[in-house]
Protein chains: 2
Amino acid sequence: MHDSDSPRFYPLPVHEEPEAVRLRTWVQLARTFYRIEQSISARLAEKELTMAQFDVLATLRYSEGVTQKELAELLLVTKGNVVGLLDRLQKLDLVERRADPDDGRANRIHLTARGRRKLESVLPVHDRLVLRTLDCLDQQEVGTLRRLLKSLEQAL
Amino acid sequence: MHDSDSPRFYPLPVHEEPEAVRLRTWVQLARTFYRIEQSISARLAEKELTMAQFDVLATLRYSEGVTQKELAELLLVTKGNVVGLLDRLQKLDLVERRADPDDGRANRIHLTARGRRKLESVLPVHDRLVLRTLDCLDQQEVGTLRRLLKSLEQAL
DNA sequence: AAAATATAGTTTACATATAAACTATATGCA
DNA sequence: TGCATATAGTTTATATGTAAACTATATTTT
């Protein structure tokens, strides 16, 4: 009902119900994600990239030559979405589609030289921001957070 | 570079660099959020609601009578976004805009009877799914997760 | 080989989302 | 009072995002 640090003019409940804590934890997860995402997006915008575009380039860095279907799986989005992302990135000359010689249906996606340069220029900026954001947690807390999030993801 | 539980055929690095751990923790946060969000969205779709629409109704439950600007702040989105959300929800007769008698520019947003019924029917389904998702963590872990996420959000 | 089925990518219709320009009303100040 | 400025909501242009239908190519089955 209120943040622990907000002004209160009524008695504190001794403890929240476990169910309420669980529900609020999901809300907190969403809020925290949104906030960090917006902060990263703002920084990427200075470099003329959207978050989705950065995700594509960063994924291709270690997975060049994937098909669009594989790219969609790596990005956790639909293949229809990938079509539009690649259309725009291709128009910016940051990636290219190469016809798969062994499968007439498939494209293999590659970074262009320009795409690689763009990524090299943006990655340090992106990473510095993420690191600074996580600086409020000590090393052990970060490890714990990562472990708990991973458990949550795997429970699905 | 790999999940701790994935098969490995090469020596394990004794530990990842703290910077790599921090970067991967952000990626994990994003992945976990996406996964849970998609699972909730799928459930809401059975009830003919999008996640954004559910967020509006759930927010109005405890904040009826807010202005569109206030609603935008509560939802962490722009006021332009709120216009479209309300247009569609109004067309579905789930919310209504009431002109503020004290400010000719402002609208006060209210749930309709239909909107209230819809929310009552959807909330239990939503909450059960969230609770079940968090069931893989014990009570203490949930508390820790919530605390760490809140620290992260407040660091921005 | 021919027909049935599956798969990769595209298209379409729609719902979010943003930033920035625009409109109408309030507010502050000279 | 009357002008300057601020604020609430809308509109516009653009980028995501989904689900579902569609096209073209592979694969499987008979």
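In what follows, chains are A, B, ... by sequence order, proteins preceding strands, each numbered from 1.
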For this session: Decide whether A/Arg88 and A/Gln53 meet the rule of one side-chain donor and one side-chain acceptor closer than 3.5 Å.
Result: no
From [atom1] of [X] over to [atom2] of [N], roughly how many Å is that when rounded to an integer?
| X | N | atom1 | atom2 | value |
| --- | --- | --- | --- | --- |
| B/Leu86 | C/dA15 | CG | C1' | 14 Å |
| B/Glu73 | D/dG9 | CD | C1' | 14 Å |
| B/Lys69 | D/dA8 | NZ | P | 5 Å |
| B/Lys91 | C/dA15 | NZ | C1' | 11 Å |
| B/Glu48 | D/dT18 | CD | P | 19 Å |
| A/Leu75 | D/dT16 | CG | C1' | 12 Å |
| A/Leu94 | D/dA15 | CG | P | 13 Å |
| B/Asn107 | C/dT23 | CG | C1' | 14 Å |

Problem set entry | Cluster overlap B/Leu89 with B/Val83, hydrophobic side-chain contacts below 4.5 Å | no
For this session: Select base, sugar-phosphate, or nothing to describe what B/Ser41 touches, counting heavy atoms under 4.0 Å on all strands.
Result: nothing
Exercise. In the 5'-to-3' direction, what one-character label does each nucleotide of nucleotides 24-29 of chain C receive under the scheme B = base within less than 4.0 Å of a protein heavy atom, S = sugar-phosphate only, - = no such atom?
Worked result: BBS---
Exercise. Going by the ring pair (Phe, Tyr, Trp, His ring centres under 6.0 Å) test, which pairs reach into residues 113-156 of chain A, not counting sequence neighbours?
Worked result: A/Phe54-A/His126
Exercise. Would you call B/Glu141 and A/Arg147 a salt bridge, taking side-chain N to carboxylate O under 4.0 Å as the test?
Worked result: yes
For this session: Identify whether the distance between the nearest side-chain nitrogen and carboxylate oxygen of A/Glu70 and A/Arg108 falls below 4.0 Å.
Result: yes
Polar atoms only, N or O, under 3.5 Å: list the protein pairs with nucleotides 16-18 of chain C and their distances.
from   : atom 1 : to      : atom 2 : distance (Å)
C/dT16 : OP1    : B/Thr50 : OG1    : 2.5
C/dT16 : OP2    : B/Gln53 : NE2    : 3.2
C/dT16 : OP2    : B/Arg88 : NE     : 3.1
C/dT16 : O5'    : B/Arg88 : NH2    : 3.1
C/dA17 : OP2    : B/Asn81 : ND2    : 3.4
C/dA17 : O5'    : B/Asn81 : ND2    : 3.2
C/dT18 : OP2    : B/Thr78 : N      : 2.8
C/dT18 : OP2    : B/Thr78 : OG1    : 2.9

Exercise. Can you tell me if the side-chain N/O atoms of B/Arg108 get under 4.0 Å from OP1 or OP2 in D/dG9?
Worked result: no
Exercise. Counting only N and O atoms by type, is there a donor-acceptor contact under 3.5 Å from the side chain of B/Thr25 to the main-chain atoms of B/Val21?
Worked result: yes
Exercise. Would you say B/Gln38's side chain and A/Leu76's backbone share a donor-acceptor pair under 3.5 angstrom?
Worked result: yes
Problem set entry | Worked verdict on B/Arg24 versus B/Glu17 for salt bridge (Lys or Arg N to Asp or Glu O under 4.0 Å) | CA-CA 11 Å; B/Arg24 290 186 178 294; B/Glu17 294 296 328; over 6 Å; no
Exercise. Do you know the tightest heavy-atom contact between A/Arg31 and B/Leu74?
Worked result: NH1-O, 4.0 Å
